[in-house]
Colleague: 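Sharing a structure here in structure tokens format.
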Number of protein chains: 2
Amino acid sequence: MAPTLRQRRQEKTSRDIRLAALELCTTKGLDSVTAEAISARAGISLRTFFNYYPNKETAIVARPPGFPEKAIAAFNTGHGSLAEDLTDLLRAHLALLDEDRDIMLLLHELLRDNKVLRAAHEASLKLLHSDLADILAHRMTGQSRAMVDLFAGTVLIATGQLVQSMQDETPLADRAPEAWTKLRDLADLIR
Amino acid sequence: MAPTLRQRRQEKTSRDIRLAALELCTTKGLDSVTAEAISARAGISLRTFFNYYPNKETAIVARPPGFPEKAIAAFNTGHGSLAEDLTDLLRAHLALLDEDRDIMLLLHELLRDNKVLRAAHEASLKLLHSDLADILAHRMTGQSRAMVDLFAGTVLIATGQLVQSMQDETPLADRAPEAWTKLRDLADLIR
DNA sequence: GACATGAATTGCACGCCGTGCAAGAAGTGC
DNA sequence: GCACTTCTTGCACGGCGTGCAATTCATGTC
């Protein structure tokens with residue numbers, strides 16, 4: 001299914017807007033960047049900007065890459081331990097982040113400085129949370145939904161801490177096992 | 001230190017605004033309630049509204065009650081197990097929520113329906129998170145800050161699940177031990 | 001009780017946000 | 001090339017949030 005011209009144009013505009021937003025923000029800070037300025041730089045009208053994104057923040061934060069279909073399938077049918085298969089799942093996710101390493105680092109800066117942006121980011125992490133909980137539910141049939149949620153949340157905090165330290169040269173994907181190590185340590189702490 | 005007239009008036013206006021906001025929202029929904037309408041109902045000018053709250057959302061969500069000083073001190077000097085002392089700390093926190101039970105239930109409704117409100121709520125929970133992490137750090141001197149954060153986050157998720165089920169008649173404070181039970185179960189799950 | 005002082009309230013003006021609508025431009029399928 | 005859908009754009013509008021300066025009001029002092 002080759003992408004039609006329309007689709008390609010949309011992809012491009014969407015990317016153009018994001019780039020324009022990021023460029024402007026890194027130099028002037030989000031607060032003093034107006035949606036109008038972003039639109040102008042992206043070469044579209046203000047009205048079109050709001051056709052693509054509901055506000056400045058989401059243009060910058062966007063939807064984070066989730067878990068690849070293939071990795072989900074592998075996890076569902078996986079025959080390793082929960083620890084092993086989950087680590088593989090996280091690895092696939094982190095690999096996607098590695099692909100956009102430069103953008104991520106840039107974003108990381110912006111998130112540190114701007115409150116509204118952090119809120120938008122939190123919101124998108126919430127989506128990840130329920131995605132992960134849904135996935136985990138397949139392998140944790142004996143557990144209550146609340147427990148699955150708690151588990152998913154904890155996993156995401158641990159994973160988030162990895163992303164926090166993205167300055168390290170090592171690709172995040174290679175560090176996936178650290179997440180589980182953290183969880184083990186946490187479990188030790190609780191008991 | 002008797003509160004001066006000025007202070008009492010401020011307290012009152014602050015409460016008036018919150019009440020006006022809650023009342024209007026429950027009948028018409030946050031989206032169709034303007035800051036101007038809230039101000040009018042609270043008997044103040046629009047400009048004054050923004051002197052008290054930076055936006056509609058925070059007027060409704062406000063700052064959640066944190067951990068009482070006394071409980072923090074008791075936790076710091078506590079000689080029970082971490083589990084016991086932490087449960088006491090959570091109990092003190094949940095007791096504050098019980099005091100505002102009616103408002104909490106109302107808020108719970110609103111949070112379910114409104115996205116922006118949820119974001120504001122998340123943000124205020126973030127403050128709780130770092131509060132708790134700071135407190136825990138005193139009793140977890142052997143641990144890295146990351147581990148303390150992870151632990152605090154997990155505790156808060158578990159506690160949040162309790163709050164979710166506030167419809168139950170039982171006061172939240174009495175159910176504090178359930179939080180630790182959840183954590184034990186989680187730890188079992190991980191190992 | 002009058003008065004000086006500093007803080008809170010208010011109105012006004014302004015720029016930005018985000019949306020509904022309708023006209024026009026552009027791609028798609030035949 | 002011709003109908004069709006879809007995307008873009010301009011326009012108008014209401015709401016948000018802030019800076020500023022005028023005014024009102026609590027407070028402490030004499």
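Reckoned from all heavy atoms, side chains included, excluding hydrogens, waters and symmetry mates. Lettering follows sequence order; numbering is per chain, from 1.
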Colleague: Atom NZ of K12(B) to atom P of dT9(C): distance rounded to whole Å?
Modeller: 12 Å
Colleague: Please report the C-alpha distance between N55(B) and T58(B) in whole Å, then the side-chain angles of each, then the deciding distance to 0.1 Å, and finally whether the side-chain hydrogen bond (donor to acceptor under 3.5 Å, both in side chains) criterion is met.
Modeller: CA-CA 6 Å; N55(B) 49 53; T58(B) 49; 3.0 Å; yes
Colleague: Give, for atom CG of L172(B) and atom CD of E99(B), the distance between the pair rounded to the nearest 0.5 Å.
Modeller: 12.0 Å
Colleague: Closest-nucleotide mapping onto DNA chain C: is L46(B) or Q10(B) further toward the 5' terminus? I mean the 5' end.
Modeller: Q10(B)
Colleague: Report the relative orientation of the aromatic rings in F67(B) and H93(B); use parallel for angles under 30°, tilted for 30 to 60°, perpendicular for over 60°.
Modeller: tilted
Colleague: Are any of Y52(A)'s side-chain N or O atoms less than 4.0 Å away from OP1 or OP2 of dT8(D)?
Modeller: yes
Colleague: In whole angstrom, give the distance that lies between atom CG of L5(B) and atom P of dT24(D).
Modeller: 18 Å
Colleague: So, is R6(A) close to the dC7(D) phosphate, meaning a side-chain N or O under 4.0 Å from OP1 or OP2?
Modeller: no
Colleague: Taking for each residue the nucleotide of DNA chain D bearing the nearest heavy atom, is the 5' side occupied by T34(B) or by R9(A)?
Modeller: R9(A)
Colleague: On DNA chain D, compare the nucleotides closest to F49(B) and N51(A); which residue's is nearer the 5' end?
Modeller: N51(A)
Colleague: To the nearest Å, how far apart are Q7(A) CD and dT5(D) C1'?
Modeller: 14 Å
Colleague: Looking only at the side chain of R47(A) (C-beta and beyond, no hydrogens), which of the listed nucleotides dG11(C), dA26(D), dC11(D) gets closest?
Modeller: dC11(D)
Colleague: Taking atom P of dG17(D) as reference, at what distance in whole Å does atom CZ of F50(B) sit?
Modeller: 5 Å
Colleague: Which nucleotide in the set dG18(C), dT10(C), dT9(D) lies at the smallest distance from any side-chain heavy atom of S45(A)?
Modeller: dT9(D)
Colleague: Any side-chain N or O of T48(A) below 4.0 angstrom from OP1/OP2 of dT8(D)?
Modeller: no
Colleague: Can you measure K56(B) atom NZ to dT18(D) atom P for me and round it to whole angstrom units?
Modeller: 15 Å
Colleague: Report the residues that fulfil side chain to side chain contact (heavy atoms under 4.5 Å, CB included) with R118(B), sequence neighbours left out, ordered by chain and then residue number.
Modeller: L111(B), K115(B)
Colleague: Between dC17(C), dC16(D), dT8(D), which nucleotide gets closest to the side-chain atoms of T13(A)?
Modeller: dT8(D)
Colleague: Answer yes or no: is there an ion pair linking R184(A) with D188(A), defined by an N-O contact shorter than 4.0 Å?
Modeller: no
Colleague: Could you give the CD-to-P distance, from E36(B) to dC12(C), as a whole number of Å?
Modeller: 12 Å
Colleague: Using atom CD of E57(A) as one end and atom P of dC17(C) as the other, report the distance to the nearest whole Å.
Modeller: 9 Å
Colleague: When the distance from OH of Y53(B) to P of dT9(C) is rounded to whole Å, what number comes out?
Modeller: 12 Å
